[in-house]
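Order of the sequence lines fixes the chain letters, A, B, ..., with proteins taken first and strands second; residue numbering starts at 1 for each chain. Every heavy atom of this structure was used, including side-chain atoms; hydrogens, water molecules and symmetry mates were not.
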Number of protein chains: 2
Amino acid sequence: MTKKPSTINIIAKKSGIGIETIRYYQRIGLIEKPEKPLSGYRVYGDDTVARLLFIQRAKELGFSLVEISSLLALGDGSCLETKALAIHKLDIIKSKLHDLQAIANTLEQLIQSCEANSAHHGCPIITAISKK
Amino acid sequence: MTKKPSTINIIAKKSGIGIETIRYYQRIGLIEKPEKPLSGYRVYGDDTVARLLFIQRAKELGFSLVEISSLLALGDGSCLETKALAIHKLDIIKSKLHDLQAIANTLEQLIQSCEANSAHHGCPIITAISKK
DNA sequence: GTAACCCCCGTACCTAGCTACAGAGTCAAG
DNA sequence: CTTGACTCTGTAGCTAGGTACGGGGGTTAC
């Protein structure tokens, strides 16, 4: 039950991550390069695919590649540190949520003031941004 | 009542925007460069300061420099187009809010599962990101 | 055996929004 | 008239996360 060897193209398809991106991850040390056979193509295992999928999902949770690197280094062992990272990230995200909500509120008000502006005395949005 | 001429340093201080940033804005055409006297320093008016403040506030509302450029070009005239830009921006911000909220929820769950994990069977956060 | 792929490596380029710096010129105070 | 602070210009570098390309070589299918 030996598998046929996975070249970079294969793991790219399995993980849904582009070849160039995988090479980039290798360059920045996020994933390892398997030994290169003296002449031939590098062969990848399913652990690499798993790692790539991990990276993808961590990215979706808002972790940067540097943070993902830490997560991978921590591994399954130090739950406390992992939790600390997650809490820190959650704080940042909550703060972003807060800011964005404020912006959305302001924009909504501006848009409404624009709708109320039947007279053509200039655009209330522009006016609002201009003076203050 | 002639004012003393404002050099770039002065308008930087008045607007709270750095000199290098102002030069950058000039390079990308967001603000104009006043004519340079054949020998000497450029002189800026308060209209430039106003424009810089406008840019700052529009940035705070989440507009990119390119979008701000459009806003400035539209000016006070075409309220409809300005409103359209604002609505478009609001849509994007709402979508970001939605995504961030989902991420925050997931992170919160992960952190809680971590807290419930009294037994030391690996970190639930890592496990959750790993499999799926 | 040869055409059509595929891989490897290094390097350059991209977006956005700055930020820094060198070298030459200018201005104003003392 | 010198000194020091300021300006102008052009160019390069930075972050983050890729994306693209060219040259050289290996592999596979027919």
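- A straight line from CD1 of I28(A) to P of dT15(D) spans 13 Å, rounded to a whole angstrom.
- At the phosphate of dT7(D), OP1 or OP2 sits under 4.0 Å from a side-chain N or O atom of T7(B).
- At a threshold of 4.5 Å between side-chain heavy atoms, the hydrophobic network of Ile, Leu, Val, Met, Phe, Trp and Tyr places L30(B) and I19(B) in one connected group.
- Taking 4.0 angstrom as the limit, T21(A) places none of its side-chain polar atoms (N or O) nearer than this to OP1 or OP2 of dG17(D).
- With hydrogens and angles disregarded, no donor-acceptor distance shorter than 3.5 Å links the side chain of S78(B) to the backbone of E81(B).
- Look at CD on E67(A): it is 10 Å from P on dA16(D), rounded to the nearest Å.
- Residue Y41(B) places no side-chain atom within donor-acceptor reach of the base of dC8(D), judged by atom type and a 3.5 Å distance cut-off alone.
- Straight-line distance from the CZ atom of R27(A) to the C1' atom of dA20(D): 11 Å, rounded to whole Å.
- Atoms CG (L52(A)) and C1' (dG17(D)) sit 15 Å apart, rounded to a whole Å.
- Across the interface with DNA chain C, nearest-nucleotide mapping of Y44(A) and Y25(B) shows Y44(A) to be the residue nearer the 5′ end.
- Rounded to an integer number of Å, the gap from E35(B) CD to dT9(D) P is 11 Å.
- Taking atom NZ on K59(A) and atom P on dA16(D), their separation rounds to 14 Å, with Å as the unit.
- For dC8(D), one of the phosphate oxygens OP1 or OP2 lies less than 4.0 angstrom from a side-chain nitrogen or oxygen of R23(B).
- Looking at every heavy atom in both residues, Q26(A) comes nearest to E32(A) through NE2-O, 3.9 Å.
- Under a 3.5 Å cut-off, the side chain of K59(A) and the backbone N or O of L65(A) do not form any donor-acceptor pair.
- Along DNA chain D, the nucleotide closest to E20(B) and the one closest to K13(B) are compared, and the more 5′ of them pairs with K13(B).
- As judged by a 4.0 angstrom heavy-atom cut-off over every strand, R42(A) is placed among residues touching the sugar-phosphate backbone only.
- The heavy-atom pair separating L61(A) from I93(A) by the smallest distance is O-CD1, 3.9 Å.
- Panel note: side chain S130(B), backbone I126(B); a donor-acceptor pair is recorded below 3.5 Å.
- Along DNA chain C, read 5' to 3', the first and last nucleotides having any atom under 4.0 Å from a heavy atom of chain B are dG17(C) to dC27(C).
- The heavy-atom pair separating P34(A) from Y44(A) by the smallest distance is CD-CE2, 3.3 Å.
- Atom CG of L30(A) and atom C1' of dG18(D) are 13 Å apart (whole Å).
- Atom CD1 of I22(A) and atom P of dG18(D) are 11 Å apart (whole Å).
- In this structure, of dG17(D), dC8(D), dC6(D), it is dC6(D) that holds the atom nearest to the side chain of N9(B).
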